[in-house]
Each structure stands twice: as C-alpha cells, then as structure tokens.
Amino acid sequence: MENSGEQFDVIVIGAGIMGSSTAYQTSKRGHKTLLLEQFDFLHHRGSSHGESRTLRATYPEEYYSRLVIESSHLWEEAESEIGYKVYFKSPQFDMGLSDDKSLRAVIASCRKNSIPHRVLDQRQVHEEFSGRIQLAENWVGVLSDLGGVIKPTKAVSMFQTLALKNGAVLRDNTEVFDIKKDDVRDGVFVCTRNGECFWGRKCVVTVGAWMNKLVQSVTGLVLPIQPLETCVCYWKIKQGHEEEFTIQGGFPTFASYGEPKIYGTPSLEFPGLIKIPVHGGQRCEPDKRRWSPAPMILDSLRQWIQERFGDRVDSTGPVMTQSCLYSMTPDEHFVIDFLGGEFGKDVVVAGGFSGHGFKMAPVVGRVLADLVDNGKAKGVELKQFRLGRFEEKGAGNV
C-alpha cells in the first residue's frame with residue numbers, strides 16, 4: 001500500500017491489560033512494537049479500569065491454576081522493574097455447598113497443583129475468621145495461600161510505562177478499522193480511522209468487547225464473544241468493624257459458588273467499603289450500556305451479604321457502583337489463537353476472557369509474545385483456547 005507509514009515488528013491493537021502486557025513482553029524481547037488504542041489510554045469504557053481485581057489460583061480447571069501461579073511471579077517481576085506495587089497479597093477463600101461440583105473440582109485441582117489449602121467446615125470457618133464469615137451448616141470453605149488484589153488501572157499504566165521504556169511506540173485515540181495482508185513481503189497493514197496505515201511483521205488483536213466487531217469487519221468471521229455489562233458494587237462496613245475487613249486485618253479475597261456466583265475483595269481502595277459484586281451481567285453493545293446495576297442482582301447480593309456477614313456490613317444497598325464490560329464466550333474459556341485464513345500466523349487474536357482473565361494478563365502477554373516469536377507458546381497447552389472449538393462443538397469446552 002502506497003500510503004503505508006512506519007514499519008514495526010509487532011503491532012498490538014487494543015491497550016487494555018492484555019494488549020499492554022503483550023507490548024511490554026514484545027518490546028522487552030527487542031521487537032519494535034506499536035501499541036494502538038481506540039480511546040484515551042487508561043479509559044473507563046472497557047474491562048481494564050477500576051480499583052481492584054482478585055488474584056486466585058483456585059480454579060476447577062488445572063490449566064488455569066498453573067497460569068495463575070506463573071502470573072503471580074510475573075506480576076512481581078514487573079513490579080521490580082517499575083519500582084512500585086500493583087499486586088497486594090492476601091489469602092483466598094472459596095465457599096459453597098459441600099456437594100457443589102465446581103467447588104469439589106477446585107479442591108481436586110489444588111491437590112494436583114500442590115496449592116497449599118485447607119477445607120473448613122462451618123465451625124472451623126467461624127473460628128478462622130472470628131465470626132466475620134458465617135456459613136450455613138451444609139457449606140464448606142476452601143482457604144488457600146495464593147490470593148490477593150491487583151490494582152487494574154495502575155497495572156495497565158505499569159505495563160505501558162515499561163513498554164515505553166523498552167522502546168515501544170504508544171498511540172491512543174487511534175481506532176483500527178481494517179487489517180490487510182501484505183502479499184508482497186508477508187506481514188500486514190493496519191489501517192486506522194485517522195487515515196494512517198502501519199506495516200507490521202506480526203499483529204496481535206486484544207480489543208476486548210470490540211473483538212467481534214473488528215474481526216468480522218476484517219474477515220467476515222463471527223466470533224461467539226458476547227459483551228456483557230457488569231456492575232461492581234461497594235458496600236459500607238458498619239462502624240467499628242472497618243479494620244476487620246482489610247488485608248492487614250487478615251481478610252481474604254473470596255468467591256461464593258452456586259447461583260448467583262459472588263466474589264469480592266478486602267477493603268482496600270476505599271476505606272470503610274468492601275467490594276462485593278455478582279459474576280455476570282447483561283448483554284449489551286460495548287458502545288451502548290446502562291451504566292447501572294440491574295435490580296435483581298442487587299436483591300440477590302443483599303441476601304447473600306446478610307447471610308455471610310450479618311450485622312458487620314450494611315446490606316441495605318451499595319453506596320457506590322462502577323460499570324465494567326465482560327467479553328463472554330459460551331464456555332467462559334479464553335480465545336488465544338492465530339486468526340488463520342489468508343493471514344495464517346501473521347495475526348494473533350486474544351479475547352473472550354469472560355470476566356476472569358485480568359489476573360492472568362502477565363502470562364497471556366508472555367504467551368502472545370511467544371506466538372509472535374515462533375508460533376508456539378512455551379510450557380502452555382493452548383488447545384482449550386482454540387478458535388475452532390466453537391465450530392466443532394458449538395458451546396466449545398462445556
């Protein structure tokens with residue numbers, strides 16, 4: 001293309017946590033890297049903003065546990081390079097009915113991956129947390145060492161800063177609308193709404209909830225990635241109990257299995273408030289959303305908070321909410337694969353992180369850099385993340 005501009009080894013489209021982590025990894029390896037973002041850097045319109053995300057290795061699927069364990073080390077490695085913390089360690093506490101299949105699989109996965117953990121009954125949970133967490137008689141808890149809170153906006157900024165330090169070029173307010181194959185010398189042209197066109201030897205697409213829109217316009221392929229709007233809720237801790245729910249007070253990150261699936265973090269970003277949302281949300285278009293929680297979700301949260309935390313947390317209603325986007329696949333597993341077709345292995349797509357990918361961003365960035373380098377991911381089996389699984393099975397890995 002005659003109007004093609006600067007040339008790069010790697011062009012990363014989408015500067016949320018996954019794209020920023022990838023740009024950090026590729027630039028660290030000496031690749032001339034361009035990171036493009038359609039909105040402002042550190043914007044609040046996608047999935048990578050806000051004040052906290054949980055880190056936990058307690059997954060029913062063993063391969064996710066292994067990815068989280070590697071990520072926990074990579075978070076600390078990046079922190080040592082930047083000189084400040086984004087990952088604050090705490091225990092992780094999972095709870096649910098004693099016969100819940102997913103919770104039983106979590107326990108089995110912890111054993112297989114040698115993740116230190118204890119299975120606690122109702123009485124033991126009461127003793128462990130001095131009555132702060134109350135379980136029903138037929139519930140159990142799983143307490144593990146590897147947990148914590150990640151500061152998301154700060155983490156995205158960290159990876160962008162490190163990428164810049166490594167020589168990457170960062171451009172925001174630059175929306176990509178097309179990717180074209182260069183038939184003359186391989187590689188691709190990446191075209192933007194600003195009228196610019198960049199050439200890249202390889203391209204990585206990490207555009208979150210906008211993945212389907214971009215991929216469909218480029219290839220005609222419809223990916224089964226559905227944007228959901230979820231609402232993060234902060235609840236007020238009652239006076240006199242504030243310190244009990246902090247990391248310093250020994251309070252864990254937590255997840256509750258069953259319907260609805262609820263998770264939360266210790267009081268950290270807003271003193272006196274605790275984050276307790278529902279995992280899930282309402283279908284939406286990423287550019288058209290409610291920006292407010294659904295009443296049904298609030299009803300289920302109120303009941304759960306009352307049952308678990310009693311009179312220590314005010315369950316009347318959240319005092320603050322934040323809107324966020326999930327990019328859901330039918331099986332809630334990631335998509336990490338080559339785009340294929342005419343692009344072959346020149347374009348890699350990574351998306352569909354289904355509301356649980358943030359904690360694994362460092363290892364996802366490492367994997368995407370591996371795929372750019374030599375077409376293979378070192379030490380990670382990617383078959384469960386293939387694009388083609390939906391054509392073969394419809395619902396993928398369910």
| request: Compute whether any side-chain donor of one residue and acceptor of the other, for Q38 and T174, lie under 3.5 angstrom apart. | output: no
| said: Between S315 and Q306, is there a side-chain donor-acceptor contact under 3.5 Å, judged purely by atom types and distance? | reply: yes
| Considering the options I247, T265, L55, T253, which one meets the side chain to side chain contact (heavy atoms under 4.5 Å, CB included) requirement together with F88? | I247
| field | Ring-face cation of R56 near Y59 (centre distance under 6.0 Å, axis angle within 45°) | value | yes
| field | With F93, the ring pair (Phe, Tyr, Trp, His ring centres under 6.0 Å) member among F254, Y257, F129 | value | F129
| query | How about T329 and D331: does a side-chain donor come under 3.5 Å of a side-chain acceptor? | reply | yes
| query | Does W139 have R308 sitting over its ring (NZ/CZ under 6.0 Å from centre, angle to axis within 45°)? | reply | yes
| query | Can you check whether F309 and F245 have ring centres sitting under 6.0 Å from each other? | reply | yes
| said: Less than 6.0 angstrom separating the ring centers of F334 and Y63, yes or no? | reply: no
| request: Return yes if a side-chain donor-acceptor contact under 3.5 Å exists between Q384 and R389, otherwise no. | output: no
| task | Ignoring hydrogens and angles, tell me if any N or O in the side chain of T206 forms a donor-acceptor pair with the backbone of I13 under 3.5 Å. | result | yes
| Going by an N to O cut-off under 4.0 Å, is there a salt bridge joining E70 and R366? | yes
| request: Using only heavy-atom distances, determine whether the side chains of E81 and Y24 contain a donor-acceptor pair under 3.5 Å. | output: yes
| What do you reckon, are the aromatic ring centroids of H356 and Y326 less than 6.0 Å apart? | no
| task | Would you check if there is a donor-acceptor pair between the side chains of W304 and S256 at a distance under 3.5 Å? | result | yes
| said: Tell me if the centroids of the rings in F270 and W235 come within less than 6.0 Å of each other. | reply: no
